[in-house]
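Every heavy atom of this structure was used, including side-chain atoms; hydrogens, water molecules and symmetry mates were not. One is the number of the first residue; the rest follow in order along the sequence.
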Amino acid sequence: LPFCECHPSGSRLPHAALCGSIGEGSSQQHSIPTALDPNSTRSQQHSIRATMTSTFESTFNRRAVRIAGGAAFVAGLAVLGLLGWQWRSEAPVERVAVMGAAQAPPDTIRSLTGVAPGTSMSDVRPALVVDRVVRHPWVRAATVTPHWMSGTLTVSVTERTPAALAVDAEGRPAYYLDRAGHAMPPPDRAAFDVPLVRGLSSRARAARPDQPAAPVPLRRLLTALADTDVHRLISDIEIAPQDRLRLTTVPLDRYGAVSVRLGQGHVARKLRTLRAFAQQILTAPPHDSIHVIDLRFDGQVITRPRPLDG
């Protein structure tokens, strides 16, 4: 048996005798170290290095895949954007759709746009098309919207609303006027229940669509008629010398048509006074005939009877 030299007495004892306690009264214990195998240590080190290398390579590969994927996605978006831009630049106008046109013929509006089928959608300038379309006398405003997917160019128009009808010296319809005094040619089929205007020059029909054809006093009257909703009470508007206005009402029951003199200024207020007075005389007991209603003096309503000679 192998001997151990670590006994306090210095004697050599068999190794087996030292596996438990050394001496009966001693509580001290000694561990017997085990010698390391060099081959096992090198194997463990190699395994650790291999694990670290594998982990690093795996992390690097994942990052590389993410970077490559992001680059491919960005490149794909760039290609799609380029293709989309190229398609938009070459997309043709297949048709011009006109919306909101009732008195202005749609074919005339299409012709005014200057956009022919086959024109590249990217060459269409909406502001320029709008400027062309509003030159039609019936068009007050317009918007142009290109629809790339369907190849449709939509032109939406807002037409003017007639406020009066100008007649010539023979009483024939010449042109309509909106509340701003712009002239519109009579449409082929439609007719509007609006007051007649007499005494306007026939040259107004040749005025530019963006310029009013009516004098300032008449424009103020037409605007006030629309704002006060008195236009149904007025039958005729006569333009006297120096642009003075004389109105004639529709027949007021037993009084018939009555002439109205407005004078200058406060047109809307005077029209409201006229409406209130008309309602009053229609509900009151009959009295002397009324031929003229004079509103030239602010705050006063002066009536004159029909002359005896008619």
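Residues meeting the salt bridge (Lys or Arg N to Asp or Glu O under 4.0 Å) test with D229, sequence neighbours left out: R232. Residues meeting the side chain to side chain donor-acceptor pair (under 3.5 Å) test with D294, sequence neighbours left out: R296, R304. By the side chain to side chain donor-acceptor pair (under 3.5 Å) test, R135 is found to be paired with D131, residues two or more places apart in sequence or in another chain being considered. For the side chain to side chain donor-acceptor pair (under 3.5 Å) test, no residue two or more places apart in sequence or in another chain qualifies with D188.
The two atoms that bring F192 and P187 nearest to each other are CE1-CG, 4.3 Å, heavy atoms only. Across all non-hydrogen atoms, the minimal contact from T228 to R275 is O-NH1, 2.7 Å. Nearest heavy atom pair, residue T249 against residue S235, reads O-CB, 3.7 Å. Listed here is the closest heavy atom pair of A164 and V197: CB-CG2, 3.5 Å. What you find for R160 and M184 is that their closest heavy atoms are CD-SD, 3.9 Å. Across every non-hydrogen atom of V139 and A104, the tightest pair is CG2-CB, 4.5 Å.
Both L233 and V301 belong to a single network of hydrophobic side chains, linked directly or stepwise wherever heavy atoms of I, L, V, M, F, W or Y lie under 4.5 Å apart. Residues L225 and L252 fall within the same hydrophobic cluster, defined by Ile, Leu, Val, Met, Phe, Trp and Tyr side chains chained together at heavy-atom separations under 4.5 Å.
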(request) I would like to know whether H291 and V258 meet side-chain contact (heavy atoms from CB on, under 4.5 Å); could you show each step before the answer? (result) CA-CA 5 Å; H291 179 59; V258 179; over 6 Å; no

(request) Show the numbers, then the answer: is there a side-chain contact (heavy atoms from CB on, under 4.5 Å) between L221 and L271? (result) CA-CA 9 Å; L221 174 61; L271 289 177; 4.1 Å; yes

(message) Between V260 and R246, is the side-chain contact (heavy atoms from CB on, under 4.5 Å) condition met? List the steps.
(response) CA-CA 6 Å; V260 180; R246 295 177 180 174; over 6 Å; no

(request) Determine, step by step, whether F277 and I290 satisfy the side-chain contact (heavy atoms from CB on, under 4.5 Å) criterion, reporting the C-alpha distance in whole Å, the side-chain angles of both residues, the deciding distance to 0.1 Å, and the verdict. (result) CA-CA 12 Å; F277 181 76; I290 298 176; 4.2 Å; yes

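One N or O on the side chain of W138 and one on the backbone of P185 form a donor-acceptor pair closer than 3.5 Å. A distance-only check finds no donor-acceptor pair linking the side chain of R261 to the backbone of L245 [under 3.5 Å]. Counting only distance, with no hydrogens or angles, the side chain of R219 and the backbone of A214 share a donor-acceptor pair below 3.5 Å. Within the 3.5 Å criterion, the main-chain N or O of A169 finds no donor-acceptor partner in the side chain of R198. Between the side chain of R125 and the backbone N or O of S122, at least one donor-acceptor pair lies under 3.5 Å. K270 places a side-chain N or O within donor-acceptor distance of the main-chain N or O of Q264, the cut-off being under 3.5 Å. The backbone N or O of R220 lies less than 3.5 Å from no partner atom in the side chain of T223, so there is not a single donor-acceptor pair. Without hydrogens or angle criteria, Q103 side chain to E159 main chain gives no donor-acceptor distance under 3.5 Å.
Taking the side chain as every heavy atom from C-beta outward, V93 and D123 never approach each other to under 4.5 Å. Between L295 and Q300, every side-chain heavy-atom pair lies at or beyond the 4.5 Å cut-off. In this structure the side chain of V144 never reaches within 4.5 angstrom of the side chain of V115, judged on heavy atoms. In this structure, the side chains of T154 and T143 stay at 4.5 Å or more apart for every pair of heavy atoms.
Legend: side chain to side chain donor-acceptor pair (under 3.5 Å) pairs involving residues 104-113, not counting sequence neighbours, sorted by first then second residue: D107-R110.
The local environment of CZ in R95 is sparse, with at most 12 non-hydrogen atoms from other residues, nucleotides or ligands closer than 6.0 Å.
Through direct or indirect side-chain contacts shorter than 4.5 Å among Ile, Leu, Val, Met, Phe, Trp and Tyr, L128 is connected to no other residue.
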